[in-house]
There are 2 protein chains.
Amino acid sequence: MAKVDFSPIADTTRRAEIVALLRRAILTGQLEPGQKLNEIRISEQMRVSRAPLREAMRELVQEGILTSIPYAGTFVVDVTAKDIDDAYSLNKVLDEFAIERTWPLRDQRFFDELDQRHEAVKQATRNRDTTRQIETALQLHGLIYEWADNSVLLETWQRLTSRLQMYFALHQQARNEAVPAEDVHETYVSLLKGADMRAAQRHAREHIDLDFEELLSYARNLEQRPSKGD
Amino acid sequence: MAKVDFSPIADTTRRAEIVALLRRAILTGQLEPGQKLNEIRISEQMRVSRAPLREAMRELVQEGILTSIPYAGTFVVDVTAKDIDDAYSLNKVLDEFAIERTWPLRDQRFFDELDQRHEAVKQATRNRDTTRQIETALQLHGLIYEWADNSVLLETWQRLTSRLQMYFALHQQARNEAVPAEDVHETYVSLLKGADMRAAQRHAREHIDLDFEELLSYARNLEQRPSKGD
DNA sequence: TCTTGTTAGATTGTCGACAATCTGATTGTC
DNA sequence: GACAATCAGATTGTCGACAATCTAACAAGA
């Protein structure tokens, strides 16, 4: 038998595709926080019945990026500054843990993947593709979670990121100035390749410090904004 | 106007009730890991159509206690020894964080609630109600998460617990010996009331150590067991 | 004017039926 | 007997229609 690593075949249900479509729309900011999702309209636009759409929505509710009020509707979550602050402080703890677990498991494949994802961020930055820049930056950051060999930790991280990605996207969208072209991940990557674990942990803290601080000030300004209706 | 704190009225959809029913059945071990959930049979038993049942199932899939394979079925998750180990090690980290955050927020209401939950565990123990004993013990442990004032942390803990509760229940069910009558939470509670935060953190680690070690050895024995069909 | 009751429209929740897919048994062929 | 093709039954996925509920506008009464 040939030694081929067959990846799992794609999900073939409408539901799965709807989930992907909706998630993308939310995480890129096409659907704004607080906005209501009208089932009939969306199902007509997607040429799908309401059943799979509703099931998809239930998934995203549990994923934490939608919230549902019985007989009232399903809405994009309205993340508060406190939510971001909470996620941020938890992220610090998880980062330390992830680095600690990943540390002894680092190998050539890890370093290669690290470089590859770093390259993806740099390319997105060059192309001024802000959405992709956020996406790739989070993927770069997520490598330590994927490598830590702890499924529960990884799952936790993924739930955390989706909401963060959404808010980073809105943030970028709001300040329509050019994104910093310099490479802020250089130190992070090289530290992960180095020998000083404590230094890497320390830097990871300060690294996300920067991103979050800006995000937080943005969120605090939005706090008194009225929520978007339908 | 009278000063009454009205709590939110109960969810009135069938879906919500189905979720509660299924969750309870899984977490108490009535539905075994690996078991398949036949939609038609369950919907007939509950006198409900498949639509709300399926939506409920999608929620529980995202909650991590069910897994779904398209066109094959939805099954109770088959937790491995590694999953428990992963959850266990993450729990250590989260416990430390939760205690740290809760520490400055402790007040009389916290201590009262602590005693109340502790009492609930002791009562369940006296009554030899193992299911309730697990439930109350986890609720006691969960207080530091509820009090930490961090919604993301709390959410993470709740996801973690549901799977743990399920496995603790199966474990208790398997070894049909009497549950230890002595009170293992006495020290934990008194440390949370004390002044030494580090000591409380240290004990929380060792405390869950005990529970998990036994659970792990049980899970490792089960590892080669064939998965339950329908 | 303010409050309360009513009602029409829109939207969500639920249902029963049909389509797509899978599984296992059966048949046919070598 | 081993293997592939076929087929029937069961189960999941999807659909369109109906029931339950909410919202907002309007009317009636204090």
### Summary
Of B:Tyr71 and A:Ser68, the one whose nearest nucleotide on DNA chain C sits closer to the 5' end is A:Ser68
In whole Å, what is the span from the [atom1] atom of [X] to the [atom2] atom of [N]?
{"X": "A:Glu39", "N": "C:dG13", "atom1": "CD", "atom2": "C1'", "result": "8 Å"}
{"X": "A:Ile69", "N": "C:dT12", "atom1": "CD1", "atom2": "P", "result": "12 Å"}
{"X": "A:Glu44", "N": "D:dC15", "atom1": "CD", "atom2": "P", "result": "13 Å"}
{"X": "A:Met57", "N": "C:dT12", "atom1": "CE", "atom2": "P", "result": "7 Å"}
{"X": "B:Arg47", "N": "C:dT14", "atom1": "CZ", "atom2": "C1'", "result": "17 Å"}
{"X": "B:Glu55", "N": "D:dG13", "atom1": "CD", "atom2": "P", "result": "13 Å"}
{"X": "A:Leu53", "N": "C:dT12", "atom1": "CG", "atom2": "C1'", "result": "12 Å"}
{"X": "B:Arg54", "N": "C:dT14", "atom1": "CZ", "atom2": "C1'", "result": "14 Å"}

### Message
Reading DNA chain D from 5' onward, which residue's closest nucleotide shows up sooner: A:Ser49 or A:Ala72?
### Response
A:Ser49
### Task
Please confirm whether the backbone N or O of B:Ala124 pairs with a side-chain atom of B:Arg132, one donor and one acceptor, at under 3.5 Å?
no
### Message
Strictly distance-based, threshold 3.5 Å: is any side-chain N or O of B:Thr161 a donor or acceptor partner for the main-chain N or O of B:Gln158?
### Response
yes
#### Entry: Which atom of A:Ala87 lies closest to which atom of B:Val152, heavy atoms considered
N-CG2, 3.8 Å
At under 4.0 Å, does any side-chain N or O of [X] touch on OP1 or OP2 of [N]?
{"X": "B:Arg14", "N": "D:dA20", "result": "no"}
{"X": "A:Arg50", "N": "D:dC15", "result": "no"}
{"X": "A:Arg58", "N": "C:dT12", "result": "no"}

#### Entry: Parallel, tilted or perpendicular, as decided by the 30° and 60° cut-offs, for the rings of A:Trp157 and A:Tyr145
parallel
### Message
Taking the minimum atom-to-atom distance to the side chain of B:Ile40, which one of D:dT12, C:dC15, C:dG13 wins?
### Response
D:dT12
### Query
Of the nucleotides D:dT11, C:dC15, C:dT11, which one has an atom closest to the side chain of B:Lys36?
D:dT11
### Message
Checking base pairs now: Watson-Crick or wobble, both atom distances under 3.5 Å. What partners C:dC30?
### Response
D:dG1
### Query
Distance from A:Arg23 atom CZ to A:Gln165 atom CD, nearest 0.5 Å?
10.0 Å
### Message
Base, sugar-phosphate or nothing for A:Arg15? Non-hydrogen atoms, less than 4.0 Å.
### Response
sugar-phosphate
### Query
Just checking B:Ile18: base, sugar-phosphate only, or nothing, at a heavy-atom cut-off of under 4.0 Å?
nothing
